[in-house]
Amino acid sequence: MILPPSFFNQPVLDVAPQLLGKYLVRRMGRRIIALPITELEAYDGPHDLACHGRFGPTPRTQVMFGHAGNFYVYLIYGMYWMLNIVTGPVGYPAAILIRGVGHLDGPGKVTKHLSIDKQFDNQPNTSATGLWIEDRGLLIPSQQIITTPRIGVTYAGPMWSQVPYRFVAKI
DNA sequence: GCAGTGATCATA
DNA sequence: ATGATCACTGCC
């Protein structure tokens, strides 16, 4: 089952652990790649000093203020595409960064392996685009989920760089 | 430990 | 127009 917008239209910290074990699926012609999500990070609203939405909407970040379930894809360091999915109500900037699927770890490796780039930015979670997230019945017990601080956000200060918003599944 | 890489945004 | 910054990766 492809996850509907209502799945994502909840507080990002509620959605994040539920998204572990869901399958990220990419279709290119006849070729299909489907891998379970194993690692992700939550970015939660204007008060979160690590969140791109903290300065209000800009041409790049307005997607985060948009509809839950849409993808937010941007380029970092001139080389790597970051894949996020928007959560929560319109007007509230929150999203989840997909950092690992299958045995791939690292957000840049995920997008490189699945050929994900700007074309998916602000696209909804539907099979029509060739990129979607679906539930295949895999359940991750809470004992198999660990949380840690987010990676690469030291600029966010002592509190927001340390909150346990990174979720990792032991599969 | 650090170079590579280019879009983005603030400043002007 | 310019310059600092950056939710990373791979090689030293």
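Here is the naming used below: chain letters follow the sequence lines, and residue numbers restart at 1 for every chain. Hydrogens, waters and symmetry mates play no part in the numbers below; they use all other heavy atoms, side chains included.
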Identify whether any heavy atom of [X] sits under 4.0 Å from a base atom; if not, whether one sits that close to sugar-phosphate; answer base, sugar-phosphate or nothing.
{"X": "A/Met79", "result": "base"}
{"X": "A/Arg60", "result": "sugar-phosphate"}
{"X": "A/Phe55", "result": "nothing"}

**OP:** Verify side chain to side chain contact (heavy atoms under 4.5 Å, CB included) between A/Arg166 and A/Ile151, making sure each step is shown before the conclusion.
**Re:** CA-CA 8 Å; A/Arg166 174 172 173 252; A/Ile151 306 296; 3.9 Å; yes

**OP:** Extract, from 5' to 3' on DNA chain C, the first and final nucleotides lying under 4.0 angstrom from some heavy atom of chain A.
**Re:**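 The protein-touched segment is C/dC6 to C/dG10.
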
**OP:** Determine whether A/Ile96 and A/Leu19 make a side-chain contact, defined as any pair of heavy atoms from C-beta on separated by less than 4.5 Å.
**Re:**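 When only atoms from C-beta onward are counted, A/Leu19 and A/Ile96 do touch, with a gap below 4.5 Å.
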
Original post:
Would a 4.5 Å heavy-atom cut-off, applied to side chains only, mark A/Cys51 and A/Pro46 as touching?
Top reply: no

**OP:** Take A/Lys118 and A/Tyr80, find for each the nucleotide of DNA chain B with the closest heavy atom, and name the residue whose nucleotide sits nearer the 5' end.
**Re:** A/Tyr80

Original post:
If every non-hydrogen atom of A/Phe7 is compared with every non-hydrogen atom of A/Gln10, which pair is closest and at what distance?
Top reply: O-NE2, 2.5 Å

Original post:
Which pairs pass salt bridge (Lys or Arg N to Asp or Glu O under 4.0 Å) with one or both residues in residues 69-93 of chain A, sequence neighbours excluded?
Top reply: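 Counting only pairs at least two positions apart or across chains, no salt bridge (Lys or Arg N to Asp or Glu O under 4.0 Å) contact touches residues 69-93 of chain A.
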
Original post:
What is the 5' to 3' range of DNA chain B, first to last nucleotide, that sits under 4.0 Å from any heavy atom of chain A?
Top reply: B/dG4 to B/dC9

Original post:
What residue among A/Val101, A/Ile33, A/Leu138 forms side chain to side chain contact (heavy atoms under 4.5 Å, CB included) with A/Tyr23?
Top reply: A/Leu138

Original post:
For DNA chain B, which consecutive runs of 3 or more Watson-Crick or G-U pairs (each distance under 3.5 Å) count as stems?
Top reply: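 Stems for DNA chain B, defined as runs of 3 or more consecutive pairs: B:1-4 with C:8-11, B:6-11 with C:1-6.
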
Subject >> Results of side-chain hydrogen bond (donor to acceptor under 3.5 Å, both in side chains) for A/Trp81 - residues two or more places apart only >> reply: none

Subject >> Modelled atom types, side-chain donor and acceptor of A/Thr129 and A/Thr126, under 3.5 Å >> reply: no

**OP:** Determine whether the side chains of A/Glu134 and A/Trp132 contain a donor N or O and an acceptor N or O closer than 3.5 Å.
**Re:**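 Indeed, the side chains of A/Glu134 and A/Trp132 share at least one donor-acceptor pair under 3.5 Å.
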
Subject >> Set of residues satisfying ring-ring contact (aromatic ring centres under 6.0 Å, His included) with respect to A/Tyr74, sequence neighbours excluded >> reply: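 A/Tyr74: ring-ring contact (aromatic ring centres under 6.0 Å, His included) contacts with A/His52, A/Tyr72.
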
